[in-house]
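Nothing fancy with the numbering, it's 1 onward along the sequence.
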Amino acid sequence: MKNRIEYFVFLLFSIIFRILGLKTSRKLSGLLTFIFYYLVPIRKETVIENITNAFPEYDEKKIQSIAYNTYKSFLTAFIEILYLPKISRQELKAAVDCPNKDLIETKFKEEKGVILLSAHFGNWEYVAASVALQLNIPFSVVVKPQRNPYVSDWMNNVRTRWNNDVVSLGLSIRKIYQTLKEKKIVAMVADQRGPQESIKVEFFGRKVSVHMGPAALALKTGSPILYGIPVRQKNYSYKIVMHEISKDNLPEDDEEKIIELSQRHTAYLESFIREHPEQWLWMHKRWKY
């Protein structure tokens, strides 16, 4: 019953945003931010703790400002995602500017498969859908099932509305490996906390557990890792520049190779967070162990 009620509210918001239109709906992000930051502060303590860990040099006022704008950024993305069933093909294409998207096409033609990494930054759901449309090449999007199965199904229907298909993370890494061996493009986000027993890398000067999948798959299949982080612009469009994570000069030991490659893509993400801290999703315990 709880899942059904949550899904009803989820659909209701989607319908409201579609009726109001995207431009008007985005203006509601300020009101929603006030509600969820001050009145119903979901994960607020976690957000402030994470930002304090990342930027110990910042005073409380600065940390509170980043935290508040993090909620506003997330709620803007939330509105945009719920509007996706109505967005047109042309609108979605125009939503993301990827000036070097030809790099994806070039790597794709090498027939080694391609790993597209992104992060919970700006609007991560727009990236795969928009860029795949622009290139007219389907992506296999790796997704983690939502707690609510109705919401999960809704999200997957939206993700596959255009060119892309989805690969459930619950199907194991073997399915993703097979997709890469079929010379396809796999898109995933891998910036959240990894299992406690996973490898550790430096992130904002602290050791964190990370998912080793992207690095391990890249080394096993020979697929390149292209990292693209969507930065929201003042006009609510997104700019994303693809960057290849270098595999040059890796250690000899296999595990050390995975750690070093993971460190490289984690450091790349950190550089963007430092520049636009309010656009990253700080709402999970990144330094839990």
Any side-chain heavy atom of [X] within less than 4.5 Å of one from [Y]?
X: Val201; Y: Glu260; answer: no
X: Ser209; Y: Ile199; answer: no
X: Leu117; Y: Val189; answer: no
X: Asn3; Y: Pro149; answer: yes
X: Phe10; Y: Tyr150; answer: no
X: Lys144; Y: Ser168; answer: no
X: Gln178; Y: Arg174; answer: no
X: Arg26; Y: Tyr236; answer: yes

With a 3.5 Å distance limit and no angle check, can you tell me whether [X] reaches the backbone of [Y] through a side-chain donor-acceptor pair?
X: Gln233; Y: Val231; result: yes
X: Ser14; Y: Leu82; result: yes
X: Thr221; Y: Leu180; result: no
X: Arg18; Y: Lys86; result: no
X: Lys247; Y: Ile245; result: no
X: Asn69; Y: Lys72; result: no
X: Lys239; Y: Asp97; result: no
X: Thr70; Y: Ile66; result: yes

Does either side chain, that of [X] or that of [Y], offer a donor lying less than 3.5 Å from an acceptor on the other one?
X: Arg232; Y: Ser73; result: yes
X: Glu91; Y: Tyr83; result: no
X: Ser140; Y: Asp165; result: yes
X: Ser271; Y: Glu275; result: no

- Message: Checking Asn136 now: which residues fulfil side-chain contact (heavy atoms from CB on, under 4.5 Å) with it, not counting sequence neighbours?
- Response: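 Partners of Asn136 by the side-chain contact (heavy atoms from CB on, under 4.5 Å) criterion, ordered by chain and then number, come out as Asn163.
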Cation-pi, [Y] ring and [X] (6.0 angstrom, 45 degrees):
X: Lys44; Y: Tyr37; answer: yes
X: Lys62; Y: Tyr58; answer: yes
X: Lys184; Y: Phe139; answer: no

- Is the Trp280 ring parallel, tilted or perpendicular to the Trp282 ring (thresholds 30°, 60°)? perpendicular
[X] atom [atom1], over 12 foreign heavy atoms within 6.0 Å:
X: Glu255; atom1: CD; answer: no
X: Glu57; atom1: CD; answer: yes
X: Arg43; atom1: CZ; answer: no
X: Glu45; atom1: CD; answer: no

- Could you state the interatomic distance from NZ (Lys220) to OH (Tyr177), rounded to the nearest 0.5 Å? 5.0 Å
- Message: For Phe55 together with Phe204, are the ring centres under 6.0 Å from each other?
- Response: yes
- Message: Less than 6.0 angstrom separating the ring centers of Trp287 and Phe203, yes or no?
- Response: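 Yes, they do, as the ring centres are separated by less than 6.0 Å.
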- Query: Taking ILVMFWY side chains as joined if any heavy atoms are under 4.5 angstrom apart, and letting links pass through other members, which residues group with Ile19?
  - Reply: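 Once heavy-atom contacts under 4.5 Å are chained together, Ile19 belongs with Ile15.
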- Message: Here's a test for you: under side-chain contact (heavy atoms from CB on, under 4.5 Å), which of Thr33, Ile35, Leu32, Thr76 qualifies with Tyr71?
- Response: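 The passing option is Thr33.
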- Query: What pair of heavy atoms forms the shortest contact from Ala128 to Ala187, and how long is it?
  - Reply: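 What the structure gives for the nearest pair is CB-CB, 4.3 Å.
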- Query: Considering all heavy atoms of both residues, which atom of Trp154 and which atom of Pro85 are nearest to each other, and what is their separation?
  - Reply: CZ2-CG, 3.3 Å
- How would you list, by chain and number, every residue that makes a ring-ring contact (aromatic ring centres under 6.0 Å, His included) with Phe13, sequence neighbours excluded?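 Applying ring-ring contact (aromatic ring centres under 6.0 Å, His included) to Phe13 gives Phe17.
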- Take Lys285 and Glu49 through the salt bridge (charged side-chain N to carboxylate O under 4.0 Å, His left out) test and state the conclusion after the steps. CA-CA 9 Å; Lys285 285 185 175 292; Glu49 180 184 348; 3.7 Å; yes
